[in-house]
Amino acid sequence: MSKRLTEQEEQRRLHMEQLRQAGIDPYPARCTRTHTCAEALQLLEGLDGEEATAEIVHVAGRMMSKRVMGKATFGHIQDGSGRLQFYASVDNMGEEEYNRFRKLFDLGDIIGVAGPLFRTRTGEPTVRAQSITMLAKSLRPLPEKWHGLKDVELRYRQRYLDLIVNEDVRQVFITRTRIVSALREFLDARGFLEVETPILQPIYGGAAARPFITYHNELEQQLYLRISFELYLKRLIVGGFDKVYEIGRDFRNEGISFKHNPEFTQLEFYQAYADYNDVMRLTEEMIAYVAQKVLGTLRITYGEHEIDLTPPWRRRELRQAIIEETGIDIEAYPDAPSLYQAIRAIGGNVEPKATRGKLIDALISNYLEPKLIQPTFLIDYPVEISPLAKRKPGSDRLVERFEGFIGGMEICNAFTELNDPDDQEQRFLEQGRAYDAGDEEAHRMDEDFLTALSYGMPPTGGFGMGIDRLTMLLTNRDSIREVILFPHLRPRPAS
RNA sequence: GAGCCGUUAGCUCAGCCGGCAGAGCACCUGCCUUUUAAGCAGGGUGUCGCGCGUUCGAAUCGCGCACGGCUCACCA
């Protein structure tokens, strides 16, 4: 701890030392608190003028402002419920305690204030302090009171500072928690059972992504952090839980962008005896429920767009949508080379060695996704990019799958689940060939999952949704880092 | 992974055709008993991200590196 202190840090340590010399513990073990700031404010309801309450309140919080006027001082404290003004004066506190407060208590200190409540001349509810006690000394200055903390890097690395000084950031994370609660309410009310499945998995699966790899020493076993919950939740459907869901963290060892973080929160649910049409209806109903519950409206603003979440949402066949936006009929190009040429012909920038599935993905994300502002389900995807979805009856090329898009972002992905164990095995084998050909994101053969399927899985509709992206949408944030409390950053360089 | 932009006081930001490092808030000293971005008088507290180079002289110009942001690539 030989780090050089700034003048302000030295000043605060000096104040702390002076408190100790006065016999005051700057970090006491106990404190008295009878009201939150919000609760204290309510006590003044119905009182007129500057009349004070008979009741003495003990409130506690971080001192966010301090305006000294000689023998009297106004300031605000902030706790989790809000802000409250206090009034300190020699008259009410006595000279010794008042001067100690005035000289040794700094902005950012956690303090307790006790006294009756009254309104000032300007009508602001205020605690008339009879005593002010130190609850925890703050040894570093807070960011500036007016402009707050703007430096994005500091906001993410020291999120606690962001939360202290930027009220809108606080609200985003409160909203995020309410969104998750509303999702649980919705699913619980419909008989879904919330479960927990392994994060450390011997074989990763359920999505196309590169995994994080770890190792169990005692078992001498390589393990993967899950990239999805899918294959475990389906095992539970086999096991007879007809409606299950999980909300938790997935990990994907891929690039970081405004809508990608290496770990992100996912909701997946599976419903036996349902298909993707049932899931589509449930999805639009669920999102509408959450918006209504959390925001009180189905009409939201996202960036420059006004979005109406009212069901039913538009359904567009993927093939038809691609034709409309690009003029390319993917059915007319049954292999990668011909589709590649067609995309190049319209000026598309794609990898020459991409598979047909990757090319179709590129068409979706480059030409469709940015235009899908109002809630839209793209339906009926090619089988080669959907190795866990059931084929459409009468088609060997398409599966019963949809993705939901809102505000130009993919929000969710769902399908009628493939429950034919032999077909599933063939799909794994195809994926294995793709992996051997260099596609690191291809699915791996999961024998144990195939065994589960072979006992018979009911017809099932399944669903996955990124909670982070839904939160971006409902809080009107343009970066996933704004809705993740501690987004991933490189280590701070040694200075 | 590539391109562009950024990094100056605790915070928010000026300064950038090379010439003594600046403002507001915060902080320090003094005054002030109803203020609320309190006010008045005084005080600049700094490894100009790091390193190398050009130059009589670098926050400023050049090269390299680090971290961050945006765009692209990647991400079903």
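Letters A, B, ... mirror the listed sequences (proteins, then strands); counts begin at 1.
A sub-4.0 Å separation between OP1 or OP2 of B:rG69 and a side-chain N or O of A:R481 is present. Taking side-chain N and O atoms only, A:R67 has a distance below 4.0 Å to OP1 or OP2 of B:rA38. Within the structure, a side-chain polar atom (N or O) of A:R490 is placed less than 4.0 Å from OP1 or OP2 of B:rG68. Contact annotation: A:R157 reaches the phosphate of B:rG68 (side-chain N/O to OP1 or OP2, under 4.0 Å).
B:rG69 atom P lies 10 Å from atom CD of A:E482, rounded to whole Å. When the C1' atom of B:rU34 is taken as reference, atom NE2 of A:H76 falls 13 Å away, rounded to whole Å. Rounded to an integer number of Å, the gap from NE2 of A:H147 to C1' of B:rA14 is 12 Å. When rounded to the nearest whole Å, the span between CZ of A:R477 and P of B:rG69 equals 16 Å.
Relative orientation of the A:F212 and A:F251 rings is perpendicular, given thresholds of 30° and 60° on the angle between their planes.
Judged by a 6.0 Å distance limit and a 45° cone about the ring axis, A:R128 is positioned over the six-membered ring of A:F118. Under the 6.0 Å distance and 45° angle rule, A:R444 counts as a cation-pi partner of A:Y435. In this structure, A:K66 forms no cation-pi arrangement with A:F86, as its terminal cationic atom is not both closer than 6.0 Å to the ring centre and no more than 45° off the ring axis. Seen from the ring of A:F486, A:R159 does not count as a face-on cation partner, given the 6.0 Å and 45° thresholds.
Between A:Y204 and A:Y224, a ring centre-to-centre spacing shorter than 6.0 Å is recorded.
Nucleic acid contact for A:G108: none, since no nucleic acid atom lies under 4.0 Å from a heavy atom of the residue. Within 4.0 Å of A:L161, counting heavy atoms only, lies no atom of the nucleic acid at all. Heavy atoms of A:K358 sit under 4.0 angstrom from primed sugar atoms or phosphate atoms, though from no base atom. Among the heavy atoms of the strands lying under 4.0 Å from A:D151 are primed sugar atoms or P, OP1, OP2 only; no base atom is included. Here A:I364 lies out of heavy-atom contact (under 4.0 Å) with every strand. When heavy atoms are screened at a 4.0 angstrom cut-off, A:K71 is found touching base atoms of the nucleic acid. Across all strands, A:E410 comes closer than 4.0 Å to no nucleic acid atom at all (heavy-atom distances). Residue A:G75 is out of contact with every strand shown, counting any heavy-atom pair closer than 4.0 Å.
Here, B:rU55 and B:rG19 have their C1' atoms 12 Å apart, quoted to the whole Å. Rounded to whole Å, the separation between the P atoms of B:rG68 and B:rC31 comes to 48 Å. Distance check on atom C1': B:rG30 versus B:rG6 gives 41 Å, rounded to whole Å. The same atom, C1', is picked in B:rU12 and in B:rC20; the two are 26 Å apart, to the nearest Å. Across the C1' atoms, B:rC4 and B:rU29 are found 48 Å apart, a figure rounded to whole Å. Nucleotides B:rC32 and B:rG49 place their P atoms 43 Å apart, quoted to the nearest Å. As rounded to the nearest Å, B:rC16 and B:rA59 have P atoms that lie 14 Å from one another. When the C1' atom is used for both B:rU7 and B:rG51, the distance is 15 Å, rounded to whole Å.
Base pairing of B:rA23: its partner is B:rU12, meeting the Watson-Crick or G-U wobble criterion (both donor-acceptor distances under 3.5 Å). Nucleotide B:rA59 is matched to nothing when pairs are restricted to Watson-Crick or G-U wobble geometry with both distances under 3.5 angstrom. Within the shown strands, B:rG64 is the pairing partner of B:rC50 under the Watson-Crick or G-U definition, both distances less than 3.5 Å. Across every strand in view, B:rU71 sits in a pair with B:rA2 that passes the Watson-Crick or G-U test at under 3.5 angstrom. Of all nucleotides present, none satisfies the Watson-Crick or G-U wobble test against B:rC17 with each distance under 3.5 Å. Using Watson-Crick or G-U wobble geometry with both donor-acceptor distances under 3.5 Å, B:rU35 finds no partner in any strand shown. Across all strands shown, B:rG44 forms no Watson-Crick or G-U wobble pair with both key distances under 3.5 Å.
No side-chain donor-acceptor contact under 3.5 Å links A:E417 and A:T460. A donor-acceptor contact closer than 3.5 angstrom is absent between the side chains of A:N413 and A:Y381. Side-chain contact of A:E167 with A:Q171: a donor-acceptor pair under 3.5 Å is present, judged by distance alone. When only modelled atom types and interatomic distance are considered, A:R401 and A:S386 share a side-chain donor-acceptor pair under 3.5 Å.
In the interface, the side chain of A:Q85 is paired with the base of B:rU35 through a donor and an acceptor atom under 3.5 Å apart. For A:S89 against B:rU33, a side-chain-to-base donor-acceptor contact under 3.5 Å is absent. If you check distances only, the side chain of A:Y87 never reaches the base of B:rU35 with a donor-acceptor pair under 3.5 Å.
Closest to the side chain of A:R128, from the set B:rU34, B:rC70, B:rU33, is B:rU34. Candidate nucleotides B:rG69, B:rU33, B:rU35 were compared by shortest atom distance to the side chain of A:Y156, and B:rG69 ranks first. If you check B:rU34, B:rC11, B:rU33 against the side chain of A:A72, the one that comes closest is B:rU33. The nucleotide whose nearest atom lies closest to any side-chain atom of A:N366 is, among B:rA73, B:rC13, B:rC11, B:rA73. Here the nucleotide nearest the side chain of A:E153, chosen from B:rG68, B:rU34, B:rA37, is B:rG68.
For the segment residues 373-391 of chain A, residues with any heavy atom less than 4.0 angstrom from an atom of RNA chain B are, sorted by number, A:I385.
Across the interface with RNA chain B, nearest-nucleotide mapping of A:E124 and A:P143 shows A:P143 to be the residue nearer the 5′ end.
Of the residues listed (A:F463, A:F402, A:F415, A:F405), the one engaging A:F377 in a ring-ring contact (aromatic ring centres under 6.0 Å, His included) is A:F402, and it is the only one. Exactly one residue among A:N99, A:V90, A:D91 makes a side-chain contact (heavy atoms from CB on, under 4.5 Å) with A:K71. That residue is A:V90. Between A:H15 and the options A:Q11, A:R13, A:Q18, a side chain to side chain donor-acceptor pair (under 3.5 Å) holds for only A:Q11.
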Check: protein-nucleotides 26-31 of chain B nitrogen or oxygen pairs below 3.5 Å:
{"unit_1": "B:rA26", "atom_1": "OP1", "unit_2": "A:K145", "atom_2": "NZ", "d": "2.9"}
{"unit_1": "B:rA26", "atom_1": "O2'", "unit_2": "A:Q8", "atom_2": "OE1", "d": "3.3"}
{"unit_1": "B:rA26", "atom_1": "N3", "unit_2": "A:Q8", "atom_2": "NE2", "d": "3.0"}
{"unit_1": "B:rC27", "atom_1": "O4'", "unit_2": "A:Q8", "atom_2": "OE1", "d": "3.3"}

